[in-house]
Amino acid sequence: MQERYNPKNIEQKWQKKWEEENVYYTPDYSERPKYYCLEMFPYPSGKLHMGHVRNYSIGDVVARFKTMQGYRVLHPMGWDAFGLPAENAAIKHGVHPAGWTWDNISNMKKQLKQLGLSYDWEREVATCHPDYYRWTQWIFLKLYEQGKCYKKTASVNWCPSCGTVLANEQVIDGACERCDSKVEQRQLEQWFFRITDYAERLLDDLKLLEGWPEKVKVMQENWIGRSEGAEIKFKVSGLDEEIEVFTTRPDTIYGVTYMVLAPEHPLVQTIISGTEYEEEVAAFVKKVRNMTELARTTAEKEGVFTGAHCINPVNGELIPILVGNYVLLEYGTGAVMGVPAHDQRDFEFATKYNLPIRPVIQPEGIDLEKEGLEKAYTGEGVLINSGEFNGLPNKKAMGEIVKKLEKNNLGRRKVNYRLRDWLISRQRYWGTPIPIVYCKKCGTVPVPEDQLPVILPTDVEFDPSGKSPLVDNDSFINTTCPKCGGEAKRETDTMDTFIDSSWYFLRYTSPKEINGPWDKQKAERWMPVDQYIGGVEHAILHLLYSRFFTKFFHDLGLVNVREPFKNLLTQGMVLKDGAKMSKSKGNVVSPEEIIQKYGADTARLFILFAAPPERDLEWSDRGVEGCNRFLNRLWRLYYTLYDEIKDAPSLENPGKLVGVHEELRRITHQTIKKVTEDIESRFNFNTAISAIMELVNAVYTYRDKVPQAERNKSVLREALEITVLLLSPFAPHITEELWQALGYSESVHRQSWPQYDEKAIIEKEVTIVVQVNGKVRDRILVPADISTDELKKHALEQPKIQKAISGKQVVKTIAVPGKLVNIVVK
RNA sequence: GCGGACGUGGCGGAACUGGCAGACGCGCUGGACUUAGGAUCCAGUGGGUUUCCCGUGUGGGUUCGACUCCCACCGUCCGCACCA
């Protein structure tokens, strides 16, 4: 055994050996129960950052731990390889996105290997590979086939100077990220997935996700935003038209004093055309439509009168129709009935434009009509000014009013969702081509399955403006119609990269499958993902889209699970000086440097030790040194005891141990229990590691306090073996080296997780705290199996206790076996 | 505004079901070894007026007993944000 711990040599040696011996190969079939451990795959930016190190270290501990517990573990890794940075690099540095991406992948893969992560690299996937995106296209076609994919005009971010559409992430504070000019909104035809068809199930099935953080479920719930109410029709006065509104407060319908339409509402043009109001309204509409979503949502509420009126269906009243900047076409029906007395937004709007405010809900004890309103009253009460419904409690009135409307075919009960359909087309190059062609004769035609993949051409020129090179690529665009064989043009939009990442967890189950996106049987064997680990920034989009896809696949019979991820762990950020690491702040610590200086084991250990996984982690160079010191200390312990333990026999008659030897063995087995529970039930790796540190400290104490001749070599060896086994998921290289030094030829990572000896962990004597009126006055050492009465008696006899209670009356005595005695005195 | 999380030594964090507050690590202090120490080892380390008292953001409550449960407030962070 080497005298000094040399991480660089050890780590390289074992990484090479693991690779040669294919230690982390995952068989599809075996007798063992399955466990699918997955970490969110990275975008291949070129370099690993500390967030990756944290994410993948956590996953590696879980995977290694489960493997040792006897599971057949699937632990794969791949690349979310399409996306904008590759394209930006192409424009800026003249390199091709494909080359740039593949170089980055190879570099990051090297870095991941340096961390000693237990991936089965034979299952590696990259979403930009035709063998992968072929199936992304196939999934698109399935959605198209099932009517879950459609094209409609939508508002997009348009940079007038670049002459191109921008993705949302390219718009920084309302300006183009490349040329800084102001972004406009334009109406273009866009592809959508009908995720809203799944809104209800996506919401309801959150209940099934017991292993998800409450926080993420709440975020998804809010995002889906279910609200119950009614859809009500208002006839337009003097025209054969109707305006439909959605409201959650049908009980306030007698309080409607105006109607507001979204600027994009189709009826706006109809009701103003040819009137004196046309010019003013059209100008207002144009102004609002040109605003970005951000500008629009932060602007003050504004509206203009259209000159038209509609009729309140319950009382026939004439109501003015306005157009307002705060009404969204996408939500509900794009029209809102204004009830200023009972809605704060309406109240503000009505006050600004001097519209009437009429209370229709009366709270108990206050007369809203007499006292007037300073703000909207949104609480409960009974109806007033509401015709036949006067006097009804408003909750009851909701149902009654809707019933009446339904009877007269003027409205109906309706559930609305905030969730909108998923806009998936991107006017970008580096993404999965949408497998659609446009034929003059046949119209929009999907590319037949057997003609997939639609290959993303690589012979392209990049325009410095950022315009997608596909638009001008004639050999790509010009094709023949699959239906009629005539001339046709390809769709030049590519898919949102969130689509690529919404099914990759299925591809891992059979990454080389050529007859479908995955082998159904294999997917059934592995799914669901038992543990998914990643950043909380994906709490909504990625996780919601993956759930949507899984439900869609379930409906098609392609998978048997309803939910893809059984348990979810959202790891916290890695901070330095209290802030997220970023180039602009100059507080970045590179994993490469740390590995270079201390080795991967130290880096992993620190990142797992410094905080529990879900919390943010403050980077500390001193802390890293501390972890490195611990590994050195462990190494030295082995080195100094090596000759004693290398041939030590295994322990016989553990029950006969006494004194310090028994104590060391007790600590050893208590540590097994503690570490197992910390990893298994709580993912508290920080406390698991501190328990191992305590065990190492205990062995040091044993070594230093017990003369060599008196040491029990078997107990000592057991303690050291257990230390290595317990530490092996955290620090895989040093433990492998020490395990080999102990004389084993098989990898420590193929060993079973140690079991603790129930008998060994029992303490024969325990320290009991003795309190008087809840304050600690003494501690006593008593046999663990002492009776409650004996314990109370013994506690009372203590001189310190006698002193503390002298002259006072003992009211009662509480004894908690194994913990404390509390004497209550007066 | 709504929703969620969190406030514990000089620092990162422990304390799992209400039962010894501060495990483990960092830092700091003193000592040993040493030509040397930013290596290693040993001892100490919440505060104070030190037989005892105080102490987990603040104030109250429940309890024999509260970091833990309840109420109110203060502060920090995150998510959503005109959703009718």
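Convention: sequence-line order gives letters A, B, ...; per-chain numbering from 1.
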Interatomic distance at [atom1], [N] relative to [M], whole Å:
N: B:U62; M: B:C70; atom1: P; value: 15 Å
N: B:U56; M: B:A15; atom1: C1'; value: 11 Å
N: B:C42; M: B:U51; atom1: C1'; value: 30 Å
N: B:G55; M: B:A21; atom1: P; value: 12 Å
N: B:C54; M: B:C73; atom1: P; value: 29 Å
N: B:C64; M: B:G18; atom1: C1'; value: 12 Å
N: B:G44; M: B:G22; atom1: P; value: 15 Å
N: B:A14; M: B:A32; atom1: C1'; value: 31 Å

Determine the contact category for [X]: base if any of its heavy atoms lies under 4.0 Å from a base atom, sugar-phosphate if only primed atoms, P, OP1 or OP2 are that close, otherwise nothing.
X: A:K674; result: base
X: A:R226; result: nothing
X: A:K301; result: base
X: A:D616; result: sugar-phosphate

Worksheet item: Parallel under 30°, tilted from 30 to 60°, perpendicular over 60°: which one fits the rings of A:F685 and A:F730?
Response: perpendicular
Practice prompt. For A:Q220 and A:R547, test the side chains for any donor-to-acceptor distance below 3.5 angstrom and give the result as yes or no.
Written response: yes
Worksheet entry | Between A:S227 and A:N416: side-chain donor-acceptor atoms closer than 3.5 Å |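 No, no side-chain donor-acceptor pair sits under 3.5 Å.
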Fill in: Residue pairs fulfilling side chain to side chain donor-acceptor pair (under 3.5 Å) with at least one residue in residues 780-795 of chain A, sequence neighbours excluded
none
Taking salt bridge (charged side-chain N to carboxylate O under 4.0 Å, His left out) as the test, write out the residues that go with [X], two or more places apart.
X: A:K819; answer: none
X: A:D343; answer: A:R345
X: A:R622; answer: none
X: A:E680; answer: none

Nearest-angstrom distance from the residue atom [atom1] of [X] to [atom2] of [N]:
X: A:I801; N: B:C64; atom1: CD1; atom2: P; answer: 20 Å
X: A:K705; N: B:C42; atom1: NZ; atom2: P; answer: 8 Å
X: A:Y639; N: B:C41; atom1: OH; atom2: P; answer: 16 Å
X: A:L608; N: B:G13; atom1: CG; atom2: P; answer: 14 Å
X: A:F606; N: B:C11; atom1: CZ; atom2: P; answer: 16 Å
X: A:L329; N: B:A84; atom1: CG; atom2: C1'; answer: 14 Å
X: A:I814; N: B:G18; atom1: CD1; atom2: P; answer: 16 Å
X: A:F347; N: B:C82; atom1: CZ; atom2: C1'; answer: 17 Å

List, with names and distances, any nitrogen or oxygen atoms from the protein found under 3.5 Å away from nitrogen or oxygen atoms belonging to nucleotides 2-8 of chain B.
none

Response to the item:
From the candidates B:A15, B:G13, B:G79, the one with an atom nearest any side-chain atom of A:R682 is B:A15
Worksheet entry | Selection from B:C64, B:C42, B:C80 that lies nearest to any side-chain heavy atom of A:V824 |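 The answer is B:C64.
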Worksheet item: Nearest nucleotide by nearest heavy atom, which residue falls closer to the 5' end of RNA chain B, A:R703 or A:N822?
Response: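 Of the two residues, A:R703 wins.
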Discussion item. Go nucleotide by nucleotide along RNA chain B from the 5' end; which of A:K812 and A:L419 gets its closest nucleotide reached first?
Written reply: A:K812
Worksheet item: Got A:I232 and A:P313 here, is their nearest side-chain heavy-atom distance under 4.5 Å?
Response: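 Yes, their side chains come closer than 4.5 Å.
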Worksheet item: Glycosidic conformation of B:U62, syn or anti, with 90° from 0 as the boundary?
Response: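 Anti, since the glycosidic angle lies more than 90° from 0.
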Worksheet item: B:G65: syn or anti, with syn meaning chi within 90° of zero?
Response: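 In terms of base orientation relative to the sugar, B:G65 is anti.
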Would you mind checking if [Y] and [X] are paired as a salt bridge, meaning a charged N to carboxylate O distance below 4.0 Å?
X: A:K217; Y: A:E221; value: no
X: A:K352; Y: A:E302; value: no
X: A:K215; Y: A:E614; value: no

Quick one: is [X] getting a side-chain N or O under 4.0 Å of the [N] phosphate, OP1 or OP2?
X: A:R636; N: B:C41; value: yes
X: A:S227; N: B:A84; value: yes
X: A:R777; N: B:C53; value: yes

Worksheet item: What ring pair (Phe, Tyr, Trp, His ring centres under 6.0 Å) pairs are there with at least one residue in residues 599-631 of chain A, not counting sequence neighbours?
Response: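 Passing the test, one end in residues 599-631 of chain A: A:F606-A:W619.
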Worksheet entry | Stem segments of RNA chain B by first residue number [Watson-Crick or G-U, under 3.5 Å, at least 3] | B:1-7 with B:74-80, B:10-12 with B:24-26, B:27-32 with B:40-45, B:46-48 with B:52-54, B:57-61 with B:69-73
Listed pairs under 3.5 Å, donor-acceptor, residues 257-268 of chain A side chains, sequence neighbours left out:
from	atom 1	to	atom 2	distance (Å)
A:T257	OG1	A:P356	O	2.8
A:Y258	OH	A:D346	O	3.2
A:E264	OE1	A:R296	NH2	3.4
A:E264	OE2	A:R296	NH1	2.7
A:H265	ND1	A:L267	N	3.1

Worksheet entry | Reading 5' to 3' through nucleotides 20-27 of chain B, protein heavy-atom contacts under 4.0 Å coded B for base, S for sugar-phosphate only, - for none | B--BBSSS
Discussion item. With a 6.0 Å cut-off (strictly less than), is the heavy-atom count around CD of A:Q344, excluding the residue itself, greater than 12?
Written reply: yes
Practice prompt. Only counting residues at least two apart or in another chain, list the ones meeting side-chain hydrogen bond (donor to acceptor under 3.5 Å, both in side chains) with A:T687.
Written response: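 A:D678.
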Practice prompt. Please check if the side chain of A:R418 supplies one atom and the backbone of A:W223 the other of a donor-acceptor pair under 3.5 Å.
Written response: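 Here the side-chain-to-backbone pair exists.
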Item to complete: Taking only heavy atoms on the protein side, list every residue of residues 254-268 of chain A lying under 4.0 Å from any atom of RNA chain B, sorted numerically.
Response: none
